[in-house]
Amino acid sequence: MQKISNRIYSVGVNDDDKVLFEGLWPLPYGVSYNSYLVVDEKIALIDTVEAGFEEEFLENIHSAIGERDIDYLVVNHMEPDHSSLVGYMLDRYPQLRIIANAKTLPMLQGYYGTPQEKVLVVKDGESINLGTATLSFHMIPMVHWPETMVTWLAEENTVFSADAFGTFGVVGEDITDNEDTFELYRDEMIRYYSNIVGKYGIPVQSALKKLSGLPVERICSTHGPVWEKNVSEVVALYDKLSRYEVGRGVCIVYGSMYGNTAAAADALAIELESRGIPCAVHDLAGNNAGELGISGALRDVFKYDTIIAGSPTYNNGIFPPVETFMRALKSRLIKDRRFYAFGSYTWSGASVNQLNALAQEMNFELLGSGTSFAQAYTKDKFNASAIADLI
Ligand SMILES: Cc1cc2nc3c(=O)[nH]c(=O)nc-3n(C[C@H](O)[C@H](O)[C@H](O)COP(=O)(O)O)c2cc1C
Ligand SMILES: [Fe+2]
Ligand SMILES: [Fe+2]
């Protein structure tokens with residue numbers, strides 16, 4: 001528990017144990033599920049935390065408000081990492097009213113059997129008075145679910161932003177940021193965005209436009225630090241990511257069964273590095289401990305303008321993890337990238353042409369027809385220097 005301002009308390013939890021977020025995304029630094037109390041004449045709780053943290057959550061609440069009742073539970077976002085203790089809270093605080101919008105209501109009923117009379121349905125822009133402060137609710141559909149809204153506490157220029165501006169990584173004793181926090185979390189924030197929100201660049205742009213009218217001085221997101229000193233930096237990063245804006249650099253993404261495609265990837269990375277071209281390499285077959293796999297690859301696709309994909313030919317097609325990566329690009333509406341494909345085969349190469357075809361579906365600029373080589377990697381079959389010349 002931490003007091004953030006005269007009215008706001010952070011009562012969320014850190015999760016160090018979960019291995020894969022949403023069953024997909026590795027968590028080398030853990031994740032936090034943030035929840036906030038706004039304490040006034042009336043008390044509002046904003047979002048809950050994931051099931052499994054009941055005791056810690058309740059302790060945090062008690063150490064902030066003792067035995068006082070909670071009047072409202074605002075559900076900004078229904079993804080169960082934030083909503084799965086709604087029923088638990090209703091059991092403990094029977095007078096609690098849930099504040100939700102019309103799209104949230106059927107989800108509450110479907111997940112938790114929440115009775116309708118417990119729910120106060122609010123419309124876009126509506127507000128409730130807590131005494132000296134007001135909370136107003138603003139829909140930001142598809143960031144990243146259809147029911148998502150943010151809650152604005154005007155008296156403190158604070159936005160409770162749901163997953164927007166969130167990041168992987170647990171929070172320290174002090175959840176509020178300092179001068180170094182943004183740089184510390186930056187990569188994990190991009191990874192969170194690219195993995196989870198990346199498909200919804202257009203809705204994020206609409207949300208940013210909507211929020212731009214508010215004098216935001218504090219962002220309380222559902223994951224990661226509370227942003228006070230880096231508000232403009234995190235908003236600028238979200239703006240950049242949702243416009244799919246990238247810098248010059250190469251993301252080499254490959255899979256390999258027996259190391260031949262991997263050897264070509266390594267040779268290319270060495271060549272690019274020797275030329276000072278920013279370059280990230282991701283092995284999707286998971287041969288390297290600590291590899292973030294597709295999760296890290298997607299992060300770097302949101303940083304760099306060039307994607308180089310390597311896949312052996314596998315049953316006359318693309319090696320499955322690399323094909324999954326290509327589909328993940330398509331589903332995130334990735335655009336304006338330069339592309340090059342390579343890979344080893346044994347009797348009849350097919351992966352490179354198929355990678356190029358997928359890249360063309362996304363209107364990527366092909367930097368060449370790619371390099372498909374038979375059996376082992378050698379410098380003659382795979383000319384890293386000639387490929388680097390194309391970058
Ligand atoms: C299950 C399996 C399916 C394969 N299918 C093909 C194929 O359809 N065409 C082909 O030329 N080689 C095929 N190969 C051979 C690989 O493409 C070849 O071994 C390649 O060198 C592997 O590259 P790597 O060392 O990067 O894994 C297949 C290999 C395996 C294990
Ligand atoms: Fe979410
Ligand atoms: Fe979340």
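Reckoned from all heavy atoms, side chains included, excluding hydrogens, waters and symmetry mates. Counting convention: from 1, in listed order, for ligands and their atoms alike.
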Checklist entry - Do the ring planes of Tyr192 and Phe168 sit parallel (below 30°), tilted (30 to 60°) or perpendicular (above 60°)? => result perpendicular
Checklist entry - Which N/O/S atom belongs to Asp81 and is the closest one to the Fe ion (ligand 3)? => result OD2
Item to check | Close N or O approach (Tyr258, ligand 1; < 3.5 Å) | outcome: yes
Checklist entry - Taking 4.0 angstrom as the limit, do Glu155 and Arg7 come out as a salt bridge? => result no
Item to check | Taking atom 14 (N) of ligand 1 as the reference point, the nearest protein heavy atom with its distance | outcome: Thr313 O, 3.3 Å
Next on the checklist: Ignoring hydrogens and geometry beyond distance, is a side-chain donor-acceptor pair present between Tyr33 and Glu50 at under 3.5 Å?
Outcome noted: yes
Item to check | OE1 (Glu79) - the Fe ion (ligand 2) - OD2 (Asp163) angle, nearest 10° | outcome: 160°
Next on the checklist: Under a 3.5 Å cutoff, is there a donor and acceptor pairing between the side chains of His77 and Asp47?
Outcome noted: no
Next on the checklist: Regarding atom 6 (C) of ligand 1: of the candidates Phe319, Phe342, Trp347, Tyr345, which has the closest heavy atom?
Outcome noted: Trp347
Item to check | N/O/S atom of His82 inside 2.8 Å of the Fe ion (ligand 2), strictly under | outcome: no
Next on the checklist: Are any of the N/O atoms on Ala262, whether in the backbone or the side chain, positioned under 3.5 angstrom from an N/O atom of ligand 1?
Outcome noted: no
Item to check | Whether Tyr93 and His62 hold their rings parallel, tilted or perpendicular, with breakpoints at 30° and 60° | outcome: tilted
Checklist entry - Of all the atoms in ligand 1, which lie at a distance below 4.0 Å from a heavy atom belonging to Asn316? => result 7 (C), 8 (O)
Checklist entry - Quick one: which of Ala285, Ser256, Pro312, Gly310 has a heavy atom closest to atom 23 (O) of ligand 1? => result Pro312
Checklist entry - Pick one: which of Asn6, Thr132, Thr134 meets side-chain hydrogen bond (donor to acceptor under 3.5 Å, both in side chains) with Asp40? => result Thr132
Checklist entry - Can you tell me if Tyr244 and Asp336 form a side-chain donor-acceptor pair at under 3.5 Å? => result no
Checklist outcome for this item: A student checking ligand 1 against Ser348 at a 4.0 Å heavy-atom cut-off should list atoms 9 (N), 10 (C), 11 (O)
Checklist entry - Short list, please: which atoms of ligand 1 are under 4.0 Å from a heavy atom of Thr261? => result 23 (O), 24 (P), 26 (O)
Next on the checklist: Go through it in stages, so that I can follow the logic: the residues are Thr222 and Asn34, the test is side-chain hydrogen bond (donor to acceptor under 3.5 Å, both in side chains), and I'd like the CA-CA distance, side-chain angles, deciding distance and then a yes or no.
Outcome noted: CA-CA 5 Å; Thr222 44; Asn34 299 345; over 6 Å; no
